[in-house]
J.: 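To start, I am sharing the structure in question, which I have written as structure tokens.
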Amino acid sequence: MESLSTKEKTSKDCNGDSVFENVVRAPDVPVYAVMVAYSKDPSPVKLNLGIGVYRTEDGKPHVLNVVRRVEKLLLDDVSATKEYLPITGMAEFNKLSAQLVFGADSPAIKENRVTTVQCLAGCGSLRTGADFLAKHYHQHTVYLSQPTYGNHPNFFLAAGMLDDLGSAPSGAIVLFQVCSHNPTGVDPTLHQWEQIRQLVRSKGLLPFFDNAYQGIVSGSLDMDAQSVRMFVTDGGECLVAHSYSKIMGLYGERVGALSIVCKTADVASRVESQLKLVIRPMYSNPPIHGAAIVTSILKDREMFDEWTVELKAMINRIIHLRQQLLDALRDRGTPGDWSHITKQVGMYTFSGLNAEQVAFMAEEYHIYMSSDGRINMAGLSAKTVPYLADAIHSAVARIV
């Protein structure tokens with residue numbers, strides 16, 4: 001009888017309300033909401049300048065030639081397997097990733113004071129670092145730039161005030177972007193970085209660098225890493241989240257790394273042991289394919305050079321698009337000073353357009369971007385710049 005009663009109750013539960021009935025619908029993630037709106041728009045002239053991806057002159061996703069070349073080699077490699085990687089990922093990938101950001105001759109690397117673990121792109125690297133700090137670091141106050149990348153606050157649930165660093169409590173975590181600041185496109189000068197470094201060290205703050213765009217500002221991987229290298233050369237500690245999404249066009253491969261620079265090799269070894277315990281219940285171990293692509297490029301001089309040439313060409317094209325857009329707005333007599341378009345660097349232009357103007361451009365011109373007015377310059381082409389300029393001119397003229 002008890003068994004029958006249980007069956008009847010189970011049947012009743014299945015036919016009744018869902019056990020998830022009280023789940024509240026979450027708000028859309030803004031950047032992905034823009035993607036959805038764009039995909040549903042049937043207009044033949046629609047333009048997506050929201051999410052930060054590099055596109056060709058035809059508006060198509062861009063796959064680097066060197067990446068296609070490597071994938072063919074990997075496909076033909078009969079010795080390759082699909083075995084699980086270690087928790088920390090591919091060892092050679094980790095070594096080369098650390099060298100890319102810190103420099104092969106970095107004292108921290110030579111002294112084994114850097115521990116690097118493969119993670120799931122930049123977001124996964126930031127999240128892994130944030131979880132590690134939440135468990136093993138005494139200070140849970142996090143400082144972010146204002147404005148900052150929209151996903152940054154999500155990695156640090158314990159984030160506190162967004163005040164000037166001068167008032168930050170000793171030990172506070174400060175999240176910096178190495179270069180190509182998202183969303184503003186405005187980076188500190190090297191002199192300003194040195195002032196920041198001195199302040200951070202004097203107050204005992206912990207720098208955490210988001211390195212998503214190395215090489216995308218100047219076209220030089222070394223030059224764009226100068227900011228973070230300042231903080232490593234002084235012998236202090238820091239964290240760096242690397243991503244290959246933008247700089248190698250490996251968006252969907254989700255390949256990145258987290259490096260933690262420590263005071264001693266012994267501390268670095270102990271930190272790595274705890275990072276394994278962070279990663280194991282999260283995703284156990286990272287995927288192979290993206291890391292194999294990156295490793296093949298970084299370890300081969302010919303492929304590395306081919307990659308840097310392609311990267312430089314991408315940057316030059318973005319710089320040219322910036323000038324084209326500025327010229328087009330000036331030709332139209334668009335109200336306001338638009339010189340910031342060419343002064344800003346990297347993938348984005350922080351246009352100054354407000355949310356109402358952005359909404360107008362989506363409705364009237366089928367142009368989609370972040371509500372804060374951030375424009376992904378890498379989503380433009382010579383053919384679409386005049387159309388965007390027309391839309392901006394109309395929006396600014398009609399809506400204040």
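Scope of the values below: all heavy atoms of this structure, side chains included, with no hydrogens, waters or symmetry mates.
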J.: Count the heavy atoms belonging to other residues, nucleotides or ligands that lie under 6.0 Å from NE2 of H138, then report whether that count exceeds 12.
T.: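 Correct, the count exceeds 12.
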
J.: According to a 4.5 Å side-chain heavy-atom criterion applied to Ile, Leu, Val, Met, Phe, Trp and Tyr, with indirect links allowed, do V186 and M223 form part of one hydrophobic cluster?
T.: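 No.
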
J.: Count the heavy atoms belonging to other residues, nucleotides or ligands that lie under 6.0 Å from OH of Y283, then report whether that count exceeds 12.
T.: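 Atom OH in Y283 is packed in, count exceeds 12.
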
J.: Say you draw a straight line from OG1 of T184 to OH of Y348; how long is it, rounded to the nearest 0.5 Å?
T.: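 So the gap between those two atoms works out to 11.5 Å.
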
J.: Applying ring-ring contact (aromatic ring centres under 6.0 Å, His included), run through W193 and H191 and close with a yes or a no.
T.: CA-CA 5 Å; W193 270 120; H191 176 67; over 10 Å; no

J.: Does R113 reach the main-chain N or O of C262 with its side chain, forming a donor-acceptor pair under 3.5 Å?
T.: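 Flag set: sc R113 to bb C262 pair under 3.5 Å.
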
J.: Mind running side-chain contact (heavy atoms from CB on, under 4.5 Å) on I87 and L275 for me, showing each step along the way?
T.: CA-CA 9 Å; I87 295 174; L275 284 172; over 6 Å; no

J.: Please determine whether a side-chain nitrogen of the Lys or Arg among R127 and D131 lies less than 4.0 Å from a carboxylate oxygen of the Asp or Glu.
T.: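 Here R127 pairs with D131 in a salt bridge, since their nearest N and O are under 4.0 Å apart.
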
J.: Where is the tightest heavy-atom contact between T128 and C119, given as atom of each residue plus distance?
T.: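 Scanning both residues completely, I find the closest heavy atoms to be OG1-SG, 3.8 Å.
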
J.: When you measure from the side chain of T233 to the backbone of M230, do you find a donor-acceptor pair of N or O atoms at a distance under 3.5 Å?
T.: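 No, T233 side chain to M230 backbone: no donor-acceptor pair under 3.5 Å.
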
J.: Without swapping roles, check the side chain of Q214 against the backbone of L221 for a donor-acceptor pair under 3.5 Å.
T.: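 The answer is yes, because a donor-acceptor pair under 3.5 Å joins these two groups.
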
J.: If every non-hydrogen atom of D305 is compared with every non-hydrogen atom of T308, which pair is closest and at what distance?
T.: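 Looking at all heavy atoms of both residues, the closest pair is O-OG1, 2.8 Å.
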
J.: Quick one: do R197 and E194 make a salt bridge, cutoff under 4.0 Å?
T.: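 Salt bridge flag = yes for E194 with R197.
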
J.: Given the rule that I, L, V, M, F, W and Y join up when any side-chain heavy atoms are under 4.5 Å apart, are M303 and V309 in one cluster?
T.: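 No, M303 does not connect to V309 through the hydrophobic network.
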
J.: Tell me if the CZ atom of R201 is crowded by more than 12 foreign heavy atoms within 6.0 Å.
T.: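 Above 12, so yes.
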
J.: Counting neighbours of OH on Y84 that are heavy atoms of other residues, nucleotides or ligands and sit closer than 6.0 Å, is the number greater than 12?
T.: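 For Y84, atom OH is not crowded (no more than 12 foreign heavy atoms under 6.0 Å).
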
J.: Any side-chain heavy-atom pair from V66 and F304 closer than 4.5 angstrom?
T.: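 With C-beta onward as the side chain, the pair stays apart.
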
J.: Hey, could you give me the CG/CD distance between N285 and Q118, rounded to the nearest 0.5 Å?
T.: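 Here the interatomic distance stands at 9.0 Å.
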
J.: Nearest 0.5 Å please: distance from the CG atom of N48 over to the OG1 atom of T384.
T.: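 Spacing of CG (N48) from OG1 (T384) equals 11.5 Å.
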
J.: Shortest non-hydrogen contact from A168 to K203?
T.: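 Heavy atoms only, the tightest pair is O-CE, 3.0 Å.
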
J.: If you compare all heavy atoms of G379 against all heavy atoms of L47, which two are closest, and at what distance to 0.1 Å?
T.: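 Minimum heavy-atom separation between G379 and L47: O-CD1, 4.1 Å.
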
J.: Are side-chain heavy atoms of V396 and L353 found at a separation under 4.5 Å?
T.: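 They are in contact (side-chain heavy atoms under 4.5 Å apart), so the answer is yes.
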
J.: Heavy atoms only: give me the nearest A172-Y143 pair and the separation to one decimal.
T.: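 Closest approach of A172 to Y143: CB-CE1, 3.8 Å.
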
J.: Sub-3.5 Å donor-acceptor pair from the side chain of S394 to the main-chain atoms of A391, do we have one?
T.: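 No, the answer is negative, given that no donor and acceptor are paired below the 3.5 Å cut-off.
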
J.: R374 side chain to G50 main-chain N or O, any donor-acceptor pair under 3.5 Å?
T.: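 Checking the backbone N and O of G50 against the side chain of R374, a donor-acceptor pair under 3.5 Å is found.
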
J.: Any carboxylate oxygen within less than 4.0 angstrom of a Lys/Arg side-chain nitrogen, looking at D76 and K72?
T.: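 The answer is no: the pair does not qualify as a salt bridge.
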
J.: If I take atom CZ from residue F209 and atom SG from residue C179, how far apart are they, to the nearest 0.5 angstrom?
T.: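 Taking CZ in F209 and SG in C179, the distance rounds to 11.0 Å.
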
J.: Does V70 share a hydrophobic cluster with L75, counting links as ILVMFWY side-chain heavy atoms below 4.5 Å and allowing steps through other members?
T.: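 No, separate clusters.
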
J.: Working note: Q344 + H181, criterion side-chain hydrogen bond (donor to acceptor under 3.5 Å, both in side chains); need CA distance, chi angles, decisive distance, verdict.
T.: CA-CA 9 Å; Q344 294 169 2; H181 185 273; over 6 Å; no

J.: Identify whether M248 and V53 are in the same connected component of the hydrophobic contact network (ILVMFWY, side-chain heavy atoms under 4.5 Å).
T.: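 Cluster IDs for M248 and V53 match.
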
J.: When you compare the side chain of K135 with that of Q274, does any pair of heavy atoms fall below 4.5 Å?
T.: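 Of all side-chain heavy-atom pairs linking K135 with Q274, none is under 4.5 Å.
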
J.: Given S220 and D222, is the side-chain hydrogen bond (donor to acceptor under 3.5 Å, both in side chains) satisfied, shown in steps?
T.: CA-CA 5 Å; S220 166; D222 290 327; 5.3 Å; no

J.: Examine distances only and state if a side-chain atom of T334 and a backbone atom of R330 form a donor-acceptor pair shorter than 3.5 Å.
T.: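 Not confirmed, T334 side chain does not pair with R330 backbone.
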
J.: Can any side-chain N or O of K312 pair as donor or acceptor with the backbone N or O of S218 at less than 3.5 Å?
T.: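 Such a contact is found between K312 side chain and S218 backbone.
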
J.: Salt bridge between E302 and R69, side-chain N to carboxylate O under 4.0 Å?
T.: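 Looking at E302 and R69, the cut-off is met.
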
J.: Step by step, work out the side-chain contact (heavy atoms from CB on, under 4.5 Å) result for W307 and I247.
T.: CA-CA 9 Å; W307 168 48; I247 64 176; 4.0 Å; yes

J.: Inspect the surroundings of NE2 in H320 and state if more than 12 heavy atoms from other residues, nucleotides or ligands are less than 6.0 Å away.
T.: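 It does not: H320 NE2 has 12 such atoms or fewer within range.
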
J.: So does R270 get a backbone contact from the side chain of S273, meaning a donor-acceptor N/O pair under 3.5 Å?
T.: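 Flag set: sc S273 to bb R270 pair under 3.5 Å.
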
J.: Would you check, one step at a time, whether the test side-chain contact (heavy atoms from CB on, under 4.5 Å) holds for L258 with F208?
T.: CA-CA 10 Å; L258 171 69; F208 192 157; 4.1 Å; yes

J.: Give me the atom names and distance for the closest heavy-atom approach of H62 to M314.
T.: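 Closest pair (atom of H62, atom of M314, distance): CD2-SD, 4.3 Å.
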
J.: Is there a side-chain contact between F176 and V200 in this structure, where contact means two heavy atoms from C-beta onward sitting under 4.5 Å apart?
T.: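 Yes, their side chains come closer than 4.5 Å.
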
J.: Got a sec: does the CD of E356 have more than 12 other heavy atoms crowding it under 6.0 Å?
T.: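 No, not enclosed.
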
J.: Are S106 and V232 close enough that some pair of their side-chain heavy atoms sits under 4.5 Å apart?
T.: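 Yes, their side chains come closer than 4.5 Å.
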
J.: Which distance, rounded to the nearest 0.5 Å, do you find between the CD1 of I341 and the CG of L325?
T.: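 If I round to the nearest 0.5 Å, the distance is 4.0 Å.
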
J.: Under a 4.5 Å cut-off applied to non-hydrogen side-chain atoms, are S381 and R55 in contact?
T.: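 Side chain of S381 against side chain of R55, heavy atoms only: no contact under 4.5 Å found.
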
J.: Would I279 and M282 satisfy side-chain contact (heavy atoms from CB on, under 4.5 Å), going step by step from the backbone distance to the final call?
T.: CA-CA 5 Å; I279 293 169; M282 192 186 301; 5.6 Å; no

J.: Mark yes or no for whether S296, through its side chain, and A292, through its backbone, hold a donor-acceptor pair below 3.5 Å.
T.: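 Side chain of S296 to backbone of A292: a pair is present.
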
J.: If hydrophobic clusters are built by linking Ile, Leu, Val, Met, Phe, Trp and Tyr wherever their side-chain heavy atoms come under 4.5 Å apart, do V34 and L49 end up in the same one?
T.: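 No, V34 does not connect to L49 through the hydrophobic network.
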
J.: For K95, look at atom NZ and say whether over 12 heavy atoms of other residues, nucleotides or ligands are found less than 6.0 Å away.
T.: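 Not more than 12 within 6.0 Å, no.
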
J.: Would a distance-only check, ignoring hydrogens and angles, find a side-chain to backbone donor-acceptor pair under 3.5 Å from Q139 to T141?
T.: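 Judged by distance alone, yes, a pair lies under 3.5 Å.
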
J.: Is the shortest heavy-atom distance from the side chain of V178 to the side chain of D224 under 4.5 Å?
T.: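 No, every pair of side-chain atoms sits at 4.5 Å or beyond.
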
J.: Do the side chains of I260 and V117 get nearer than 4.5 Å, heavy atoms only?
T.: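 Heavy-atom side-chain distance check fails, nothing below 4.5 Å.
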
J.: Side chains of D58 and T56 only: does a donor on one sit below 3.5 Å from an acceptor on the other?
T.: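 No - no donor-acceptor pair under 3.5 Å links their side chains.
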
J.: Out of curiosity, M361 CE to D390 CG, how far, rounded to the nearest 0.5 Å?
T.: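 One finds 10.0 Å between CE of M361 and CG of D390.
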
